[in-house]
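Following this message is one structure expressed as structure tokens.
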Amino acid sequence: YEMVMQIGYPIKCKLRDEKLIFEVHDISYDYNKSFNPTSKKNEIEKRFEYLAFKISDLCFCFNNYDKERIIEILKEFNTDSYDNFNKIITIPFGITHNKTDYVGVNLNSRNVMFLGNMYHTPNTIALKDIYNKIIPKIKEQNSSITFLIVGDTPDFLINECQDKQINFLGKVENLETVFKETILAIAPIFYGSGIKVKILEYCQAGMPILCSSQSLRGIINSVEDKLDFEIEDNIDNYGDRILEILNHPQRLLEMSRNTKEYIKKQSWSNIINLFNSAISSCKTQNNFQVSETDTTSLKQLNPY
């Protein structure tokens with residue numbers, strides 16, 4: 001919302017016929033509250049997020065949950081006047097076709113992969129959970145399993161999570177090299193908001209996936225979208241679930257094959273027309289002003 005408010009809005013005031021489009025990658029209020037539920041800053045930020053929704057001509061979000069949350073926030077701050085909820089559009093987040101080749105599952109491997117920027121708080125928490133809660137369970141039964149951590153990782157986290165069963169690979173330009181050596185990809189993410197792009201990366205490579213329900217927001221939007229993932233929402237069960245899945249090669253192959261169908265639907269080439277249609281049909285609005293008080297407060301809260 002900071003970019004919409006501090007860059008988009010001043011431009012909109014000068015060029016009134018231009019369309020201001022807000023790509024809602026996540027709901028900032030929900031994201032922040034998941035980590036700091038008692039912070040007074042949350043409610044202040046919620047107001048600015050409302051203003052960003054309000055001044056935008058079109059809002060794209062990547063899952064139905066976020067769309068419903070936007071409507072709830074708009075209603076909370078604007079109960080006595082009309083809001084155009086039709087300007088809030090759900091379009092799946094996509095992935096570039098053939099960005100990564102389909103490699104399938106390596107049944108001879110004992111590498112479990114976790115992908116993400118470890119500077120990002122949900123990934124930081126997931127890495128600590130792998131170290132503190134998953135690996136101890138794994139060690140009780142199988143010391144041959146190695147966790148490949150792929151993505152930029154702060155030095156303090158590498159030092160904190162040192163274990164012979166964790167291999168920090170850092171940022172990898174060609175992910176296929178890692179996928180080819182992997183039997184299972186995981187996404188134990190329980191915090192934050194928005195969509196988890198790592199799931200798209202896993203799917204395009206044909207990785208079997210064990211993940212949380214939250215990891216699939218924007219990947220599964222309805223019962224019709226439900227494809228083949230192993231879902232686990234209790235971090236304490238991940239060690240046992242990994243061991244169980246690795247002992248069923250046919251299940252791994254089945255999950256790997258089914259990811260192809262998802263990626264066909266989720267390719268940008270199949271989604272781009274939805275964006276174009278929404279943009280061309282949306283109308284500009286010029287009747288909403290942000291107060292000087294809000295503008296000043298926002299700059300003090302989050303200088304962009």
Side-chain angles (χ1 to χ4, degrees), residues 23-37 39 62-63 65-66 93-95 99-100 111-138 145-163 165-179 181-205 207-220 229-239 241-242 259:
E23 181 207 283
V24 186
H25 194 80
D26 55 34
I27 305 297
S28 296
Y29 172 74
D30 290 352
Y31 178 86
N32 293 327
K33 192 173 181 182
S34 70
F35 305 117
N36 300 298
S39 173
F62 301 125
N63 61 69
Y65 174 85
D66 284 358
F93 195 87
I95 190 166
K99 177 184 176 184
T100 302
N111 293 327
V112 176
M113 177 182 184
F114 177 60
L115 169 67
N117 179 354
M118 304 307 153
Y119 286 84
H120 186 49
T121 305
N123 292 332
T124 300
I125 295 172
L127 174 56
K128 290 182 178 180
D129 282 342
I130 290 170
Y131 175 73
N132 291 310
K133 298 181 179 180
I134 298 178
I135 285 183
K137 284 276 187 74
I138 296 286
I145 295 172
T146 299
F147 288 80
L148 305 179
I149 309 300
V150 182
D152 288 331
T153 307
D155 288 340
F156 82 88
L157 262 183
I158 294 176
N159 293 330
E160 183 178 332
C161 300
Q162 281 291 327
D163 191 281
Q165 288 183 246
I166 296 183
N167 188 359
F168 291 97
L169 301 183
K171 187 174 182 179
V172 176
E173 292 298 332
N174 184 0
L175 287 173
E176 290 172 35
T177 59
V178 185
F179 288 136
E181 301 300 324
T182 300
I183 189 170
L184 179 69
I186 63 172
I189 305 292
F190 305 98
Y191 300 91
S193 176
I195 188 169
K196 306 298 177 279
V197 181
K198 60 171 62 61
I199 299 293
L200 299 180
E201 300 275 9
Y202 293 159
C203 285
Q204 191 164 58
M207 288 291 101
I209 300 168
L210 170 64
C211 62
S212 65
S213 300
Q214 182 153 348
S215 297
L216 295 174
R217 283 183 187 169
I219 310 297
I220 294 178
F229 306 95
E230 287 286 339
I231 300 173
E232 179 56 63
D233 289 326
N234 185 342
I235 190 62
D236 293 328
N237 294 336
Y238 266 75
R241 289 295 301 276
I242 289 170
T259 59

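It should be emphasised that the depicted structure is a prediction, and the values quoted were computed from it without experimental measurement. For the single chain, residues carry numbers from 1 onward in sequence order.
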When rounded to the nearest 0.5 Å, the distance separating OG1 of T146 from CD1 of I166 is 10.0 Å
Got a sec, which pairs hit salt bridge (Lys or Arg N to Asp or Glu O under 4.0 Å) with one end in residues 230-239, sequence neighbours left out?
E230-R241, E230-R251, E232-R241
Could you tell me whether a side-chain N or O of T259 sits under 3.5 Å from a main-chain N or O of C203, the two making a donor and an acceptor?
yes
Looking at D66, is its backbone amide N or carbonyl O close enough to the side chain of N63 to form a donor-acceptor pair, meaning the two atoms are under 3.5 Å apart?
yes
Distance only, no hydrogens: is a donor on one side chain within 3.5 Å (strictly under) of an acceptor on the other, for K198 and Y202?
no
Taking all non-hydrogen atoms of both residues, which atom of I135 and which atom of Q165 are closest, and how far apart?
CD1-O, 4.3 Å
Rounded at 0.5 Å granularity, tell me how far NE2 in H25 sits from CZ in F62.
6.5 Å
Please report the interatomic distance CE(M113) to CD(E201), rounded to the nearest 0.5 Å.
8.5 Å
When you measure from the side chain of T153 to the backbone of G151, do you find a donor-acceptor pair of N or O atoms at a distance under 3.5 Å?
yes
Would you say the ring centroid of H120 lies under 6.0 angstrom from that of Y31?
yes
Reported CD1-to-CD1 distance for the pair I183 and I242, which is rounded to 0.5 angstrom
11.0 Å
About how many Å separate CG of D152 and CG of L157, when rounded to the nearest 0.5 Å?
12.0 Å
So which atom in C161 and which in F168 form the shortest heavy-atom distance, rounded to 0.1 Å?
O-CE1, 3.8 Å
Closest heavy-atom contact between I138 and G239?
CD1-O, 3.5 Å
Sidechain-backbone polar pair: N167 side chain, L148 backbone, donor-acceptor under 3.5 Å:
no
side-chain contact (heavy atoms from CB on, under 4.5 Å) between L115 and L175, worked out
CA-CA 10 Å; L115 169 67; L175 287 173; 4.1 Å; yes
Does N159 have more than 12 heavy atoms from other residues, nucleotides or ligands lying within 6.0 Å of its CG?
yes
Can you give me the closest heavy-atom contact between I199 and S215, atom names plus distance?
CG1-O, 3.5 Å
Considering non-hydrogen atoms only, spot the tightest contact between I231 and S212 and give its length.
CG2-C, 4.2 Å
Taking the side chain as everything from C-beta on, heavy atoms only, tell me whether I130 gets closer than 4.5 Å to V112.
no
Rounding to 0.5 Å, atoms CD1 (I134) and CZ (F147) come to a distance of 5.5 Å
I209 and M207: which non-hydrogen atoms are nearest, and at how many Å?
CG1-O, 3.3 Å
Take a 6.0 Å sphere around CZ of F190 and say whether it holds more than 12 heavy atoms from other residues, nucleotides or ligands.
yes
